[in-house]
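Encoded as structure tokens, the structure appears first; notes follow it.
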2 protein chains.
Amino acid sequence: MAIIVNKEKKRRNIAFACKDLLLENGINELTIAQIAKTAGVGKGTIYEYFENKEDIVFEIITVFIAEYEHRLLEIVDEKRSTKEKLFHFFYIIHGDEEGHKQLRIYREFLAISMTHGTREIMDFNRKCRDLFLDILSQIIEKGVENGEIPEQAHDMKSALLTFSLGLVVDTHTIGLDPKEEINGLLNTLFNFIEMKEKR
Amino acid sequence: MAIIVNKEKKRRNIAFACKDLLLENGINELTIAQIAKTAGVGKGTIYEYFENKEDIVFEIITVFIAEYEHRLLEIVDEKRSTKEKLFHFFYIIHGDEEGHKQLRIYREFLAISMTHGTREIMDFNRKCRDLFLDILSQIIEKGVENGEIPEQAHDMKSALLTFSLGLVVDTHTIGLDPKEEINGLLNTLFNFIEMKEKR
DNA sequence: TAAATAATGACTGACCATCGGTCAATAAGG
DNA sequence: CCTTATTGACCGATGGTCAGTCATTATTTA
């Protein structure tokens, strides 16, 4: 009877049309008018596809996380030591230009989660954590199988992820060097482990 | 010559007048008009004492951190095991009503740091971290002296603080249980350490 | 079958309410 | 009477709404 558009797709298109704008200035500097203009639609249309400004960031993050997951999964089967894999697992997002861009927006998203967090956003965050937990599990499991690390390494998973999240915040709010921090932690941890193994 | 007010004091008073308001709803729900009314001053007066809305949160946090520092310092000399001290060091802010209130506002502040972060705010964050690092050092140093933990425990300080920051975020964005997470981490770490010591 | 008409979802931008921030005027202390 | 503090009316900008328009497809009609 009438035009039927793929809502999901259009939502994504609009969101990504203003990705660069979002990267340049934060969400706070972005106006709905700008977004609409950049996406080439009317202001009202924005509200056909998004609840509010924050919802646009949510859409972008959803895709970013999917890409990120893909990059993390590649690490699992790399031909490296477990320690190196772990380093990459935590460092990958800090390492390249693309990651930095995503990190920039992810911080905006974190800020939103902490202040405007809807149930939907919380659920998404939980899902993400479970996902990362699973990948980390795979890396550690392989390390255990190879005899590189002890079984108990699994107990560190949750704390490691929390550390990793803290690092996302700290690298920005006080300018910590991610490489140094991650290496510092892993070295110390492996130092403990090795000493134990040499029992 | 003319009226002389204690700018510092008045700034603090205004900020704390709207502390409860800030706790109820976040800063985003708060309007300058509300703040002014609650503090019993004109809207223009607010801008005599604060750069902007975010600056008000900054003022409150400054005091909170000072209180928090005080509570942390008390831990150093407690008659407990190092492990227990460490648990308290990380858990104290999650533990009681007062801490929760402060956490609520601290999260607002973190969000601001990640999005509106001025140089002044970054400097403050760095100062805070150094402060916590120092207190943590003292706790660990005592533990080393008592032979409870190895010298290398010092190498974990930075990562532990980053973990702790991540926990502040995670407890809110995905509802992690702080007690469980902190205990999980400490148990695992001490497990590693003890195994090593029994060498 | 083709033209006419109806139905419906997509789209729009003028409009509105609200809010952060400014400033000219006023008050008050010394 | 000068200096400092205070104020709230005012302003521009912005997020969000909604009544109306448009484009496409379904249905009817001849």
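Within every chain, numbering begins at 1; the chains are lettered A, B, ... in the order of the sequence lines, protein sequences first and strands thereafter.
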Separation of D:dT17 C1' from A:E48 CD (nearest whole Å): 11 Å
Atom-to-atom span, NZ of A:K53 to C1' of D:dG16 - whole angstrom: 12 Å
Atom-pair distance (CG on A:N28; P on C:dC19), nearest Å: 17 Å
Using a 3.5 Å cut-off and no angle test, enumerate the donor-acceptor pairs between side-chain atoms of residues 17-43 of chain A and protein atoms at least two apart in sequence or in another chain.
| residue | atom | partner | partner atom | Å |
| --- | --- | --- | --- | --- |
| A:T31 | OG1 | A:Q34 | N | 3.0 |
| A:Q34 | OE1 | A:T31 | N | 3.2 |
| A:T38 | OG1 | A:Q34 | O | 2.8 |

Interatomic distance, B:I46 CD1 vs C:dG21 P [rounded to whole Å]: 11 Å
Rounded distance (Å) that lies between atom P of D:dG16 and atom CG of A:D55: 10 Å
B:S137-B:K157 side chain donor-acceptor pair, cut-off 3.5 Å: yes
Flag for A:Q152-B:T188: side-chain donor and acceptor within less than 3.5 Å: no
Show me, pair by pair, the donor-acceptor contacts under 3.5 angstrom made by side chains of residues 95-103 of chain A, not counting sequence neighbours?
| residue | atom | partner | partner atom | Å |
| --- | --- | --- | --- | --- |
| A:D96 | OD1 | A:G99 | N | 2.7 |
| A:D96 | OD2 | A:R71 | NH1 | 3.4 |
| A:D96 | OD2 | A:R71 | NH2 | 2.7 |
| A:H100 | ND1 | A:D96 | O | 3.3 |
| A:Q102 | NE2 | A:E67 | OE1 | 2.8 |

Contact list (N/O, under 3.5 angstrom) for nucleotides 22-27 of chain C vs protein:
none

Sugar-phosphate only, base, or nothing, as touched by A:L30 at under 4.0 Å among non-hydrogen atoms: sugar-phosphate
Any B:Y49 side-chain nitrogen or oxygen under 4.0 Å from OP1 or OP2 of D:dT6: yes
Derivation and outcome, ring pair (Phe, Tyr, Trp, His ring centres under 6.0 Å), residues B:F89 and B:F132: CA-CA 10 Å; B:F89 181 86; B:F132 298 152; 7.0 Å; no
Nearest-Å distance for atom pair CD1/C1', residues A:I32 and C:dT18: 15 Å
Separation of atom CD in A:Q34 from atom P in D:dA13, rounded to whole Å: 13 Å
Sugar-phosphate, base or nothing in reach of A:K7, heavy atoms under 4.0 Å: sugar-phosphate
Sugar-phosphate, base or nothing in reach of B:K37, heavy atoms under 4.0 Å: nothing
Aromatic centroids of B:F64 and B:Y106 separated by under 6.0 Å: no
5'-most by nearest nucleotide on DNA chain D - A:I27 or B:G40: B:G40
Gap between atoms CG and P, on A:N6 and C:dC11 respectively (whole Å): 12 Å
Sugar-phosphate, base or nothing in reach of A:F50, heavy atoms under 4.0 Å: nothing
Heavy atoms of other groups near B:E74 CD, more than 12 under 6.0 Å: yes
